[in-house]
Number of protein chains: 2
Amino acid sequence: MSNCDTCLVRNRAICSALAPEELGALAKLGRKQMVTRGQTLVWEGDEALVVANVIQGVLKLSVSTADGREQIVGVVFPSDFIGRPFGKESPYGVTALTDAEVCIFTRAAFDGFAKEHPDLQHRLLERTLDELDRARQWMMLLGRKTASERIATLLLEISNRLGSTSCSAITPFLDEFDLPMDRQQMGDVLGLTIETVSRQLTKLKEADMIALPDRRRVVIKDRRRLENIALAA
Amino acid sequence: MSNCDTCLVRNRAICSALAPEELGALAKLGRKQMVTRGQTLVWEGDEALVVANVIQGVLKLSVSTADGREQIVGVVFPSDFIGRPFGKESPYGVTALTDAEVCIFTRAAFDGFAKEHPDLQHRLLERTLDELDRARQWMMLLGRKTASERIATLLLEISNRLGSTSCSAITPFLDEFDLPMDRQQMGDVLGLTIETVSRQLTKLKEADMIALPDRRRVVIKDRRRLENIALAA
DNA sequence: ATAGGCTTTTGACCTAGGTCAATGCCCCGC
DNA sequence: GCGGGGCATTGACCTAGGTCAAAAGCCTAT
């Protein structure tokens, strides 16, 4: 892997825990890799041989039943960490939702390096705790929220995640953005069917809370009202 | 806190990462505490001032909406770790499902100690990664499984968790046990109503896969068949 | 033993969201 | 500009699970 200095996520990925010379050592172990939309990086149930940092793009973590039902159990944005360090097979698959760029390591090499660098492990722990909190919030959504509450929550979540990812550190969130997934995938994140997703989106559009200029684009026109729905109050 | 040597979870809690003298130092920071069923240790949304190890008993982590819907987002067994180290308010409440005993620390004291002990942090990281995997499996359940699949999964999960907790290291899981929760709480874990839980349990009983000698007790009579349902195959 | 207050079960009915089937829309290559 | 292959939307209908209400168990205290 070449130059961490110019890395887009240098200051936000777990690498930010490292001093320049340590960073150099880690860099030798990894390499940048392009991933195209739809490409799978890790298969569900396989031994997890790689871990990675996301530099650009969005990926999904997903689980399927034997009879083909799918649930997306995580959506990963730039600066997020991918993978299951320290042994274990991966209980979910990792697939690119958009074209993406990742900084990839073999698990063995990464594990070894992490053991020697407590600061890195500390950052990883904080990140994992945050992921866990997010997963639990999503459990509430999947267990107890209605379809419209789910859709509102997803739109706001994506707006926030894309916002805090974007270059300008000013934006706390975006009021206009492209969805990094299609309707089927929205359904798979929300535990809904594609038809229900579509119907709820048109409802929000008709209520003038959002606009949908094209398939992918979303404009949030009334964040306040959308938040009220999302909170399930 | 007095004597870690006689602690029931000495070898399974994160403390097992520590050498005897380190353990002594940690012990000085914490104390054992009894918690009675229904008692809340941490409130949802409060700053998380304590962390703890569970010694005996079972506790729930739960999230509620403004209008009173509740979702249980985690169930914690002996040797499990409770709390949100390193800042942040707790995004969920922690309440005892049964009478319990915990080994409790102020977050500040624990954080300080953890920073000095990479091995402890490593164990905590592994545990958090496991929790995250479990949470994601549960997201699949909440998003995509039917009521009977959910019930079957829960019964097997409790059987396994209680089994690996129990004294005899021989038992991989138990075929007979007391549920550490009532019907309402089962519903809150599974994203179902109390009536649906009850109906599905009687179905499993009528199909002779389980027996229910009294309110709390469960006997697994046909694990194979129950597993088939749980897998959603 | 008996009354009262629980949790749980059962029954009858309803509805949010799923299913199935068109239809529409957009993009791209010709 | 025209045709075809995907996605997305819309409509008509169905069902798993929710809701509401009533019984049935069960503990505990008297």
Side-chain angles (χ1 to χ4, degrees), chain A residues 36-38 60 65 67-71 97-98 140-155 178-207 210-219 229 232, chain B residues 37-38 60 65 67-71 97-99 140-155 178-207 210-219 229 232:
Chain A
T36 60
R37 178 203 289 201
K60 69 171 180 177
T65 55
D67 66 352
R69 282 170 273 171
E70 170 166 343
Q71 176 67 42
L97 289 173
T98 66
M140 154 54 84
L141 175 146
L142 292 169
R144 296 302 191 193
K145 287 191 183 175
T146 65
S148 48
E149 289 163 358
R150 294 182 197 203
I151 294 281
T153 307
L154 178 64
L155 294 179
D178 279 315
L179 290 167
M181 61 187 77
D182 62 26
R183 298 288 185 270
Q184 179 60 59
Q185 290 157 343
M186 292 177 74
D188 291 340
V189 187
L190 297 174
L192 298 172
T193 59
I194 192 172
E195 293 94 331
T196 301
V197 170
S198 182
R199 279 187 250 269
Q200 295 299 334
L201 282 172
T202 56
K203 269 194 195 167
L204 292 179
K205 188 174 61 180
E206 279 165 1
I210 61 170
L212 302 167
D214 70 53
R215 281 159 190 241
R216 292 289 178 140
R217 197 133 193 97
V218 175
V219 183
I229 294 176
Chain B
R37 178 202 290 201
K60 69 172 180 178
T65 54
D67 66 352
R69 283 170 272 172
E70 171 166 341
Q71 176 67 43
L97 289 172
T98 66
D99 289 343
M140 154 55 83
L141 176 146
L142 293 170
R144 296 302 191 192
K145 286 191 183 175
T146 65
S148 48
E149 290 163 357
R150 295 182 198 205
I151 294 281
T153 307
L154 178 64
L155 294 179
D178 280 315
L179 290 167
M181 61 187 78
D182 62 27
R183 297 289 185 269
Q184 179 60 59
Q185 290 157 344
M186 293 177 74
D188 291 341
V189 186
L190 297 174
L192 298 171
T193 59
I194 191 172
E195 292 95 331
T196 301
V197 170
S198 182
R199 279 188 251 267
Q200 295 298 336
L201 282 172
T202 56
K203 270 194 194 167
L204 293 178
K205 188 174 61 181
E206 281 165 0
I210 60 171
L212 301 167
D214 70 52
R215 281 159 191 243
R216 291 290 179 141
R217 196 133 194 97
V218 175
V219 184
I229 293 176

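Below, chain A is the first sequence line, B the second, and so on; all start at residue 1. Side chains are part of it too, since the values below use all heavy atoms of this structure and drop only hydrogens, waters and symmetry mates.
Atom P of nucleotide D:dG17 and atom CE of B:M186 are separated by 15 Å, given to the nearest angstrom. For the pair B:L212 CG and D:dA24 C1', the computed distance is 16 Å after rounding to whole Å. For the pair A:D214 CG and C:dC27 P, the computed distance is 7 Å after rounding to whole Å. Following rounding to the nearest Å, B:R37 (CZ) and C:dC6 (P) show an atom-to-atom distance of 15 Å. At whole-Å resolution of the value, CD1 in A:I151 and P in D:dT9 are 10 Å apart. If you measure from atom CZ of A:R216 to atom C1' of C:dC25, you get 16 Å, rounded to the nearest angstrom. The interatomic distance linking A:E195 (CD) with D:dT15 (P) rounds to 16 Å, in whole Å. Separating the CG atom of A:L190 from the P atom of C:dA16 is a distance of 18 Å, rounded to the nearest angstrom.
Of the side-chain N and O atoms in B:T193, one or more sit less than 4.0 angstrom from OP1 or OP2 of D:dG18.
Between A:A232 and B:D67, the shortest heavy-atom contact is O-OD1, 3.4 Å. The two residues B:I229 and B:A152 have their closest heavy-atom pair at CG2-CB, 3.8 Å. Residues A:V189 and A:M181 approach most closely at CG2-SD, 4.0 Å, considering heavy atoms.
By the 6.0 Å contact criterion, CZ on B:R216 is enclosed, its count of non-hydrogen atoms from other residues, nucleotides or ligands being greater than 12.
Taking five base pairs at each end of the helix from C:dA1-D:dT30 to C:dC30-D:dG1 and finding the rotation axis that steps the C1' atoms of four pairs onto the next four gives two axes whose angle is 30°, to the nearest 10°.
Sorted by residue number, the members of residues 142-149 of chain B with any non-hydrogen atom under 4.0 Å from DNA chain D read B:T146, B:A147. Within residues 197-206 of chain A, the residues having any heavy atom closer than 4.0 Å to DNA chain D are, in order of number, A:S198, A:R199, A:T202.
Shown here are the side chain to side chain donor-acceptor pair (under 3.5 Å) partners of B:R215, two or more places apart in sequence or in another chain: there are none. Scanning for side chain to side chain donor-acceptor pair (under 3.5 Å) contacts around A:T202 gives an empty result, with sequence neighbours left out. For the side-chain contact (heavy atoms from CB on, under 4.5 Å) test, residues two or more places apart in sequence or in another chain that qualify with A:L179 are A:L155, A:I158, A:F177, A:R183, A:M186, A:V218. Applying the side chain to side chain donor-acceptor pair (under 3.5 Å) criterion to B:T98, with sequence neighbours excluded, gives no partner residue. B:R217 pairs by the salt bridge (charged side-chain N to carboxylate O under 4.0 Å, His left out) definition with B:E176, B:D178, not counting sequence neighbours. Residues satisfying the side chain to side chain donor-acceptor pair (under 3.5 Å) criterion with A:D182, sequence neighbours excluded, are absent altogether.
B:L192 comes within 4.0 angstrom of sugar-phosphate atoms only, judged by non-hydrogen atoms across all strands, and of no base. Within the nucleic acid shown, B:G187 has no heavy atom closer than 4.0 Å to any nucleic acid atom.
If you find the closest nucleotide of DNA chain D to B:G191 and to B:R215, the one lying nearer the 5' end belongs to B:G191.
Pairs of residues two or more places apart, or lying in two chains, never qualify as salt bridge (Lys or Arg N to Asp or Glu O under 4.0 Å) while including a residue from residues 190-205 of chain B.
Side-chain contact check for A:I210 versus A:L201: some heavy-atom pair is nearer than 4.5 Å.
Summarising the geometry, atom CD belonging to B:Q185 is positioned 5.5 Å from atom NZ belonging to B:K60; distances are rounded to the nearest 0.5 Å.
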Solution key, residues 142-151 of chain B side-chain donor-acceptor pairs under 3.5 Å, sequence neighbours excluded:
from: B:R144; atom 1: NE; to: A:E70; atom 2: O; distance (Å): 2.7
from: B:R144; atom 1: NH1; to: A:L192; atom 2: O; distance (Å): 3.4
from: B:R144; atom 1: NH2; to: A:G187; atom 2: O; distance (Å): 3.2
from: B:R144; atom 1: NH2; to: A:D188; atom 2: OD1; distance (Å): 2.9
from: B:R144; atom 1: NH2; to: A:L192; atom 2: O; distance (Å): 3.3
from: B:K145; atom 1: NZ; to: B:T153; atom 2: OG1; distance (Å): 3.2
from: B:K145; atom 1: NZ; to: B:A230; atom 2: O; distance (Å): 2.9
from: B:T146; atom 1: OG1; to: B:E149; atom 2: N; distance (Å): 3.4
from: B:T146; atom 1: OG1; to: B:E149; atom 2: OE1; distance (Å): 3.4
from: B:E149; atom 1: OE1; to: A:R69; atom 2: NH1; distance (Å): 2.9
from: B:E149; atom 1: OE1; to: B:T146; atom 2: N; distance (Å): 2.9
from: B:E149; atom 1: OE2; to: A:R69; atom 2: NH2; distance (Å): 2.9
from: B:R150; atom 1: NE; to: B:K145; atom 2: O; distance (Å): 2.9
from: B:R150; atom 1: NH1; to: B:L190; atom 2: O; distance (Å): 2.7
from: B:R150; atom 1: NH2; to: B:L142; atom 2: O; distance (Å): 3.1
from: B:R150; atom 1: NH2; to: B:K145; atom 2: O; distance (Å): 3.1

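Nearest nucleotide to the B:R183 side chain, out of D:dG25, C:dC26, C:dT9: C:dT9.
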Each nucleotide N or O in nucleotides 2-4 of chain C that has a protein N or O under 3.5 Å away: list the pair and distance.
none

